[in-house]
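Data block below; observations after.
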Amino acid sequence: MGWALALHGGAGDVPRTLPPELREPRLATLRRSLDLGAAALREGRPALDVVELVVRELEDCPHFNAGRGSVLAADGTVEMDAAVMEGATLRCGAVSGLSTVANPVSLARLVMERTPHVYLAFAGAEAFARDQGVETKDPSHFITEHNIERLRQAKEANRVQVDYTQPMNGQATQQAQTPADDNSQTG
Amino acid sequence: TVGCVAVDAAGNLAAATSTGGLVNKMPGRIGDTPLVGAGTYANALCAVSATGVGEEIIRRTAARDVAALVEHRGLPLRDAAARVVAGAPRGSVGLVAVSRGGEVCMARNTTAMFRACATEAGHDEVCIW
């Protein structure tokens, strides 16, 4: 059947009135990442290399919620997560709570390939990144003005937001925060 | 959240996902992305990367569920993905997936998902809504 790839840059409630200055850079990055991945597959590179290559490109785009441009936790910091998995072998690697690693997906791959483990988090993952010599940045590198404003709005509304949540008024926020039943926090 | 799934010309599958999580999340919160089988999964039959409300994706082990429906019930990838997405609360899940045979699927129950796909056969798509 031949090669194929698909990618995403997040999902949510994106209004059709999204201004061009917010829409176009994201579409351009999706196109660039798709072309990059397709070219790599056309050249015969393995799927594992391709998914890492594409996700790195998306992480480097400040308009998406990963790498530079990651949204902010309640304390104003970034805590990035990433994972990679290879189908034929079921090998996988994952990282959580990163605040300095430029491309978390590549660190996840190193967890998969160079440790006996599947998942490293927070201080341990940061220490592993330093040990492996991957590119790191000052935590401020990942924080954008746009995301500072989004955190301010979310705090004002007292809620957490998925990638493309639209602003809500106070009444709607209260309704959204109220558990619908006793199972609302199951898990 | 960003992610990519691919099958190469030799039929090898892989998935990768990366995210900053949720705005205003509690420090220390871990979402679906790094949890194997929740937001990211690949086996010899398909590869899946998910995005949306992480806690919902974790509860449903969404990515592995898609793969399990393909593996154990023999569903086509598209049907398996549609079933998992439809079973989640409206507005909570989007995913991209590819099969070993080169089938591509982009399913969601959100109003939009930034997404793109391409195949060796020449299909090429970039879209939001």
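Contacts of A:Arg26 with chain B are made by side-chain atoms alone, with heavy-atom separations under 4.5 Å and no backbone atom involved. The part of B:Ala50 that comes within reach of chain A is its backbone (N, CA, C, O), which places non-hydrogen atoms under 4.5 angstrom from that chain. When heavy atoms are compared at a cutoff of 4.5 Å, A:Leu48 approaches chain B by way of both its backbone and its side chain. Looking at A:Leu27, the atoms closer than 4.5 Å to chain B (heavy atoms on both sides) sit in the backbone and in the side chain alike. Contacts between A:Ser96 and chain B at a heavy-atom distance below 4.5 Å involve the side chain alone, from C-beta outward. For a residue to count as touching a neighbouring chain, one of its non-hydrogen atoms must lie under 4.5 Å from one of that chain's; by this rule B:Val36 touches chain A with the side chain only. Proximity to chain A is absent for every atom of B:Ala47, based on heavy atoms less than 4.5 angstrom apart. Both the backbone and the side chain of B:Ala116 have a heavy atom closer than 4.5 Å to some heavy atom of chain A. Residue contact with chain A, scored on non-hydrogen atoms closer than 4.5 Å, involves the backbone and the side chain of B:Val7 alike. For A:Arg16, the parts lying near chain B are the backbone and the side chain together; criterion is any non-hydrogen pair under 4.5 Å. There is no contact between B:Glu55 and chain A, counting heavy-atom distances below 4.5 Å. Of the two parts of A:Val95, only the backbone, made up of N, CA, C and O, holds a non-hydrogen atom closer than 4.5 Å to a non-hydrogen atom of chain B.
When the side chains of ILVMFWY residues are joined at heavy-atom separations under 4.5 Å, either directly or via intervening members, A:Val71 and A:Phe122 end up in two distinct hydrophobic clusters. In the hydrophobic clustering of this structure, B:Val70 groups with B:Val48; members are Ile, Leu, Val, Met, Phe, Trp, Tyr whose side-chain heavy atoms approach within less than 4.5 Å, directly or through other members. A continuous path of ILVMFWY side-chain contacts below 4.5 Å connects B:Val85 to B:Leu69, so both sit in one hydrophobic cluster. Side-chain heavy atoms closer than 4.5 Å link hydrophobic residues (I, L, V, M, F, W, Y) into clusters, and following such links, possibly through other members, connects A:Leu72 to A:Met80. In the hydrophobic clustering of ILVMFWY residues, with side-chain heavy atoms under 4.5 Å counting as a link, A:Tyr119 and A:Phe128 come out apart.
We find the CZ-OG1 distance between A:Phe64 and B:Thr51 to be 10.5 Å, quoted to the nearest 0.5 Å. Interatomic distance, CG of B:Leu13 versus OG1 of A:Thr89, reported as 11.0 Å (0.5 Å rounding). Note that the CG atom of A:Leu30 and the SG atom of B:Cys117 stand 11.0 Å from one another [nearest 0.5 Å]. B:Lys25 contributes atom NZ, which lies 7.5 Å from atom OG1 of A:Thr77 (distance to the nearest 0.5 angstrom).
With chain B as partner, the option from A:Glu59, A:Arg42, A:Arg45, A:Glu52 having the largest number of non-hydrogen pairs under 4.5 angstrom is A:Glu59. Contact tally against chain A (heavy-atom pairs below 4.5 Å) for B:Cys46, B:Ala9, B:Ser49, B:Gly52: the top residue is B:Ser49. Ranked by heavy-atom pairs under 4.5 Å with chain B, the list A:Asn103, A:Asp75, A:Val105 is led by A:Asp75. Of the listed residues (B:Thr33, B:Thr17, B:Val104, B:Val53), the one with the most heavy-atom contacts under 4.5 Å to chain A is B:Thr17. When each of B:Pro34, B:Ala16, B:Ala14 is checked for heavy-atom pairs under 4.5 Å with chain A, B:Pro34 comes out on top. Counting heavy-atom pairs closer than 4.5 Å to chain B, the top residue among A:Ala82, A:Ala4, A:Ala88 is A:Ala4. Highest contact tally toward chain B, considering only A:Val55, A:Leu53, A:Asp49, A:Asn147, is held by A:Val55 [criterion: heavy-atom pairs under 4.5 Å]. With respect to chain A, the highest number of heavy-atom pairs below 4.5 Å among B:Leu45, B:Asp32, B:Val93, B:Asp124 belongs to B:Asp124. The residue among A:Leu34, A:Val50, A:Thr29, A:Val118 with the most heavy atom pairs within less than 4.5 Å of chain B is A:Leu34. Heavy-atom pairs under 4.5 Å with chain B were tallied for A:Cys61, A:Ala94, A:Gly87; the largest tally goes to A:Gly87.
Checked by atom type and distance alone, the side chain of A:Trp3 never pairs as donor or acceptor with a backbone atom of B:Ala118 at under 3.5 Å. No donor-acceptor pair under 3.5 Å is formed between the side chain of A:His8 and the backbone N or O of B:Leu95. Put simply, the side chain of A:Asn65 gets close to the backbone of B:Gly21: a donor and an acceptor are under 3.5 Å apart. A donor-acceptor pair under 3.5 Å is absent between the side-chain atoms of B:Asp8 and the main chain of A:Pro46, judged by distance alone. Looking at A:Asp81, its side chain never comes within 3.5 Å of a backbone N or O of B:Thr19 through a donor-acceptor pair. Listed for the B:Thr111 side chain is a donor-acceptor partner under 3.5 Å among the backbone atoms of A:Gly12.
Counting only heavy atoms from C-beta outward, the side chains of A:Lys155 and B:Asn24 approach each other to under 4.5 Å. At a threshold of 4.5 Å between non-hydrogen side-chain atoms, the residues B:Phe114 and A:Leu58 do not count as touching. Counting only heavy atoms from C-beta outward, the side chains of A:Val84 and B:Thr40 never approach each other to under 4.5 Å.
Between A:Glu79 and B:Met26, the shortest heavy-atom contact is OE1-O, 4.4 Å. The nearest pair of heavy atoms linking B:Ala6 to A:Leu5 is CB-CB, 4.0 Å.
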Original post:
Would A:Asp13 and B:Thr110 satisfy side chain to side chain contact (heavy atoms under 4.5 Å, CB included), going step by step from the backbone distance to the final call?
Top reply: CA-CA 6 Å; A:Asp13 180 18; B:Thr110 55; over 6 Å; no
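Summarising the local packing, CD of A:Glu145 is surrounded by 12 or fewer heavy atoms from other residues, nucleotides or ligands at distances under 6.0 Å.
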